[in-house]
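We name chains A, B, ... by the order of the sequence lines, and we start the count at 1 in each one.
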Amino acid sequence: MPELPEVETVANSVNAHVRGQQIVSVWLSRYKEPFKTSRTEMTEALTATRIEKVYREGKHIVFDLHGPGGAARKSAQWIVHLGMTGRLLVSAPEVPVPKHTHAVLALSGGRELRFVDARRFGRLALHRSEGGAGFRGPGREPLTISPEDFVALFRGRKLSIKAALLNQTLLHGVGNIYADESLFRAGIRPTRAAGKLSRERLLRLHAALKEILQKAIKLGGSSVSDYVDADGVAGFFQLEHNVYLRTGEPCRVCGRPIRRLVLAGRGTHYCAHCQK
DNA sequence: ATATGGCCCTGGTTGC
DNA sequence: TGCAACCAGGGCCATA
């Protein structure tokens with residue numbers, strides 16, 4: 001599932017393809033989801049605008065748009081959330097449009113930007129910036145938050161550290177894979193109450209999370225299920241997973257079998273020996 | 001305010 | 001082999 005490293009990879013590859021291009025025409029599917037903004041409003045806002053740049057904010061992909069004819073200032077941003085199975089693909093028009101395609105933006109360069117999402121957990125929205133304020137995600141950025149602020153996030157919290165890592169209003173961008181992997185690297189049992197972890201252990205978790213996210217970005221993300229970047233290229237970080245989806249397999253450190261339980265409604269993978 | 005659980009949706013997997 | 005039941009899971013919403 002797309003988390004911070006996958007979203008960053010997609011945003012960067014889309015940016016390389018579409019930056020500076022004009023949106024010539026827009027097609028949107030007839031489904032209610034994934035549209036958070038009405039289809040007519042979205043079509044109007046996107047058509048004939050130029051894509052200034054594409055970047056990641058939390059798990060959201062942000063398209064900075066400039067109004068038609070260069071008359072308008074930065075008028076709106078197009079926000080794409082990939083959900084579970086969302087993909088953004090840049091394709092030649094003659095390439096068949098995949099099943100479950102919900103948006104097709106024809107670009108001045110001749111290619112099409114397509115949003116495809118089988119499960120429809122993804123979201124497409126328009127963000128109108130007031131006073132130049134760009135779209136902001138709900139929580140703090142794991143890659144730039146200071147160690148002190150990271151520790152403070154969990155103070156007094158009774159929920160498990162796994163659930164806390166998944167809570168996007170605290171940190172945004174971390175999902176099930178990187179929550180499990182960072183807890184393994186930090187040696188922390190996912191069930192531990194977030195507010196009861198020592199400052200030292202939280203600092204370790206912060207470092208572990210940053211290292212893992214940065215390495216995953218370098219490797220183009222984790223391709224489990226069907227994640228690919230805008231060119232259809234898969235990532236390689238899944239080969240580095242120590243616990244995620246390795247239930248019953250030997251721990252790469254101590255050899256004991258990886259265990260699985262459900263926390264916060266999510267499959268949670270850990271080593272009972274290496275994580276206390 | 002904080003935390004929990006159900007729900008959405010389809011494709012892949014499992015089981016008979 | 002074929003088909004149906006089951007399950008995964010990010011974010012949102014209702015509820016405790």
Side-chain angles (χ1 to χ4, degrees), chain A residues 1-11 29-37 56-62 79-88 97-103 114-127 135-142 152-183 190-197 209 213 216 221-228 234 238 241 243-249 258-270:
Chain A
M1 60 260 21
E3 303 178 28
L4 189 153
E6 292 77 32
V7 177
E8 173 112 2
T9 301
V10 171
S29 75
R30 291 215 150 273
Y31 286 94
K32 215 176 309 165
E33 312 288 9
F35 304 104
K36 282 178 79 176
T37 302
R56 178 192 64 79
E57 168 78 12
K59 289 183 195 170
H60 300 266
I61 298 169
V62 182
I79 312 298
V80 176
H81 193 295
L82 300 174
M84 283 285 297
T85 51
R87 294 175 170 198
L88 275 176
V97 175
K99 203 176 165 185
H100 305 299
T101 295
H102 296 287
R114 299 165 175 179
F115 176 72
V116 184
D117 185 10
R119 217 162 289 183
R120 265 181 277 150
F121 281 9
R123 292 295 179 261
L124 302 179
L126 213 57
H127 176 79
F135 171 85
R136 300 308 303 266
R140 303 289 302 273
E141 270 292 324
L153 279 182
F154 306 103
R155 204 164 286 149
R157 306 236 168 230
K158 291 194 166 64
L159 78 177
S160 66
I161 187 64
K162 166 75 184 262
L165 285 172
L166 293 178
N167 185 336
Q168 301 295 297
T169 62
L170 297 176
L171 282 176
H172 61 200
V174 179
N176 214 26
I177 297 173
Y178 300 100
D180 281 4
E181 293 297 325
S182 61
L183 286 169
T191 48
R192 292 274 173 257
K196 286 194 175 173
L197 288 168
L209 180 60
L213 291 174
S222 301
S223 284
V224 293
S225 74
D226 56 357
Y227 155 78
V228 289
Q238 68 277 10
H241 291 176
V243 288
Y244 183 74
L245 251 38
R246 295 194 65 242
T247 310
E249 292 176 44
I258 298 302
R259 297 193 192 178
R260 179 185 190 275
L261 53 80
V262 175
L263 265 183
R266 302 291 172 259
T268 299
H269 316 78
Y270 69 103

Below 4.0 angstrom from OP1 or OP2 of [N], is there any side-chain N or O of [X]?
X: A:Lys158; N: B:dT4; answer: no
X: A:Tyr244; N: C:dG9; answer: yes
X: A:His81; N: C:dG10; answer: no
X: A:Lys99; N: B:dT10; answer: no
X: A:His100; N: B:dC9; answer: no

Work out which heavy atom in [X] is nearest to a heavy atom in [Y]; give both atom names and the distance.
X: A:Glu141; Y: A:Glu57; answer: OE2-C, 3.9 Å
X: A:Val7; Y: A:Arg56; answer: CG1-CG, 3.6 Å
X: A:Leu213; Y: A:Pro142; answer: CD1-CB, 3.7 Å

Using a heavy-atom cut-off of under 4.0 Å over every strand shown, decide if A:Arg260 touches base, sugar-phosphate, or nothing.
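Result for A:Arg260 = sugar-phosphate.
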Could you tell me whether A:Gly122 contacts a base, only the sugar-phosphate backbone, or nothing, with contacts defined as non-hydrogen atoms closer than 4.0 Å?
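No contact.
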Against A:Lys162, only a single residue in A:Thr191, A:Thr268, A:Asn167 fulfils side-chain hydrogen bond (donor to acceptor under 3.5 Å, both in side chains); can you say which?
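That would be A:Thr268.
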Just how far, in rounded Å, is [atom2] of [N] from [atom1] of [X]?
X: A:His102; N: B:dC9; atom1: NE2; atom2: P; answer: 11 Å
X: A:Glu3; N: C:dG11; atom1: CD; atom2: P; answer: 9 Å
X: A:Asn176; N: C:dC7; atom1: CG; atom2: C1'; answer: 14 Å
X: A:Leu263; N: C:dA8; atom1: CG; atom2: P; answer: 14 Å
X: A:Leu171; N: C:dG11; atom1: CG; atom2: C1'; answer: 16 Å
X: A:Arg123; N: B:dC7; atom1: CZ; atom2: C1'; answer: 12 Å
X: A:Met84; N: C:dG11; atom1: CE; atom2: P; answer: 11 Å
X: A:Lys196; N: B:dA3; atom1: NZ; atom2: C1'; answer: 16 Å

What nucleotide among C:dC12, B:dT4, B:dT10 has an atom nearest to a side-chain atom of A:Leu159?
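Selected nucleotide: B:dT4.
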Tell me which nucleotide among C:dC12, B:dT10, C:dA8 gets nearest to the side chain of A:Ala118.
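When the side chain of A:Ala118 is considered, B:dT10 is the closest of C:dC12, B:dT10, C:dA8.
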When only distance counts, do a donor and an acceptor, one from the side chain of A:Arg157 and one from the base of B:dA3, lie under 3.5 Å apart?
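When only heavy-atom distances are counted, A:Arg157 does not reach the base of B:dA3 through any donor-acceptor pair under 3.5 Å.
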Kindly say whether, by distance alone, the side chain of A:Arg120 makes a donor-acceptor pair under 3.5 Å with the base of C:dG10?
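By the distance-only test, no, there is no pair.
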Distance (rounded to the nearest 0.5 Å) between A:Leu124 CG and A:Leu126 CG
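Reported value, rounded in 0.5 Å steps: 10.5 Å.
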A:Phe121-C:dG10 aromatic stacking (under 5.5 Å, under 30°)
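Base of C:dG10: stacked against A:Phe121.
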Which sits closer to the 5' end of DNA chain B, A:Asn167 or A:Arg266, going by the nucleotide each is nearest to?
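This one resolves to A:Asn167.
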Give the ring-plane orientation class for A:His102 versus A:Phe115, where under 30° counts as parallel, over 60° as perpendicular and anything between as tilted.
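Taking A:Phe115 first and then A:His102, their aromatic rings sit tilted (interplane angle of 30° to 60°).
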